[in-house]
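The structure appears below as C-alpha cells.
Owing to the predicted nature of the structure, the values given are computational and were not obtained by experimental measurement. Atom set for the values below is all heavy atoms of this structure, side chains included, hydrogens, waters and symmetry mates excluded. Below, chains carry the letters A, B, ... as their sequence lines are ordered, and counting in each starts from 1.
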Amino acid sequence: MSAGPLPRRFYDRNVVTVARDLLGQRLVRVTPDGRTVGRIVEVEAYLPRDDPANHAYGGKTRRNASMFGPPGHAYVYAIHSRWCLNAVTEPAGVASAVLIRAVEPLAGVELMRERRSARAACHDGTVPERSAQGGCHGRAGRESLRDLARGPARLCEAFAIDRALDGWDLTRGEALWIDDAGDGAPPPREIAVSRRIGVTSAHDLPLRFYLADSPFVSRP
DNA sequence: CTACCGATTGACT
DNA sequence: GTCAATCGGTAGA
C-alpha cells in the first residue's frame, strides 16, 4: 500500500534521519515505456559540513548545484560513465543528500531487464558483436532479479534515471518520486550500519544504512 | 584547449 | 581482496 509521495517536510530534516527513514520506502519511476517500482534497501548520507566525501565539500559548482537547492529534489551525478541518484535533504543552502544505493525490484521487472540489457547497444549505437571488446559490457542473457538494481548506477540504469532528472522535484508524484510505504518502514533493529562504499575520504564515518537481511543490498 | 580525478562496475587473483 | 575501463566534471594553461 502507498500513502503517496513523501512530502517536502520529510526531506527537510537532518540528513542521517532522512537516510534511515528512506529505507523501506518505494522508489517510483514512470516513463512512456511503463512504470518501475523498487523498495529502498540501502542508502548513504552525505553531510553538509566536515564531510570531504560530499561533492559539495568544496563549494557550489555547476554539477552539485541541486544539492544547494531546496530539499525533496533529486541530485543526479555522473561517475565513470554511469549515473547515481540522491535525494536532497535539509533546508535550501544546506548541501546534504542521501545516495540511493540499492532497491528491491517490486514492479516493472521486465522493463528493468530491458533497460539493463540495452547497454549492450553501446552509447554510439554500435552493434553488440562489434562492441564486445570495446568497453561496453553487454549483457546477453536474463539478468537475475537480485542484480537488477543492486548498486547506485545499476539502479539508475534499471529506472532510466540520468542527467535529465537532476534537480527534479521528488514531491510532485510525477515521472520520479518516492512513495511513503506506510507500514513498510522496518523497525530500527533491522537496520545495519557501515562505512560508506567507494569513498576515498572520510571512509571511517558510519553513514551507510541498509536492511540487514535483504539480499538486494550491494554488499553486506 | 589539456590533464586529472572519481559516491562504479565487472573481471580477475 | 585487486585492477582497469571509460567519460563527465573540474581546474588550470
A:Tyr46 ring center within less than 6.0 Å of A:His55 ring center: no

Tell me the interatomic distance from [X], atom [atom1], to [N], atom [atom2], rounded to whole angstroms.
{"X": "A:Ile79", "N": "B:dC4", "atom1": "CD1", "atom2": "P", "answer": "18 Å"}
{"X": "A:Asn64", "N": "B:dG6", "atom1": "CG", "atom2": "C1'", "answer": "15 Å"}
{"X": "A:Glu42", "N": "B:dT9", "atom1": "CD", "atom2": "C1'", "answer": "14 Å"}
{"X": "A:Arg116", "N": "B:dT8", "atom1": "CZ", "atom2": "P", "answer": "14 Å"}
{"X": "A:Ile161", "N": "B:dT8", "atom1": "CD1", "atom2": "C1'", "answer": "16 Å"}
{"X": "A:Arg150", "N": "B:dT8", "atom1": "CZ", "atom2": "P", "answer": "13 Å"}
{"X": "A:Lys60", "N": "C:dT10", "atom1": "NZ", "atom2": "P", "answer": "12 Å"}
{"X": "A:Glu44", "N": "B:dT8", "atom1": "CD", "atom2": "C1'", "answer": "12 Å"}

Sugar-phosphate, base or nothing in reach of A:Arg219, heavy atoms under 4.0 Å: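 Answer is sugar-phosphate: A:Arg219 comes under 4.0 Å of backbone atoms only.
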
Touch class at under 4.0 angstrom, heavy-atom based, for A:Ala153 against every strand present: sugar-phosphate

Polar side chain donor-acceptor pair, A:Asp179 to A:Trp177, under 3.5 angstrom: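 Checked: A:Asp179/A:Trp177 side chains pair up, N/O donor to acceptor below 3.5 Å.
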
Distance-only polar pair, side chains of A:Arg8 and A:Thr171, donor-acceptor under 3.5 Å: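 Checked: A:Arg8/A:Thr171 side chains pair up, N/O donor to acceptor below 3.5 Å.
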
Quick one: which of [options] gets closest to the side chain of [X]?
{"X": "A:His80", "options": "B:dA7, C:dT10, B:dG6", "result": "B:dG6"}
{"X": "A:Val199", "options": "B:dT9, C:dT10, B:dA7", "result": "B:dA7"}
{"X": "A:Pro152", "options": "B:dT9, B:dA7, C:dG8", "result": "B:dT9"}

Base-pair map of DNA chain B as dot-bracket, where | denotes pairing with a different strand and pairs are Watson-Crick or G-U under 3.5 Å: ||||||.|||||.

Base of B:dA7 and ring of A:Tyr77 stacked, centres under 5.5 Å, planes under 30°: no

Hydrophobic cluster membership, A:Leu106 vs A:Met112, 4.5 Å side-chain cutoff: no

OP1, OP2 of [N] versus side-chain N and O of [X]: anything below 4.0 Å?
{"X": "A:Arg63", "N": "C:dT10", "answer": "yes"}
{"X": "A:Arg163", "N": "C:dG9", "answer": "yes"}
{"X": "A:Arg101", "N": "B:dT8", "answer": "yes"}
{"X": "A:Ser81", "N": "B:dT8", "answer": "no"}

Between [Y] and [X], is the closest basic N to carboxylate O distance under 4.0 Å?
{"X": "A:Glu143", "Y": "A:Arg116", "answer": "yes"}
{"X": "A:Asp147", "Y": "A:Arg150", "answer": "yes"}
{"X": "A:Arg208", "Y": "A:Glu42", "answer": "yes"}

Heavy-atom side-chain proximity of A:Val28 to A:Arg35 below 4.5 angstrom: yes

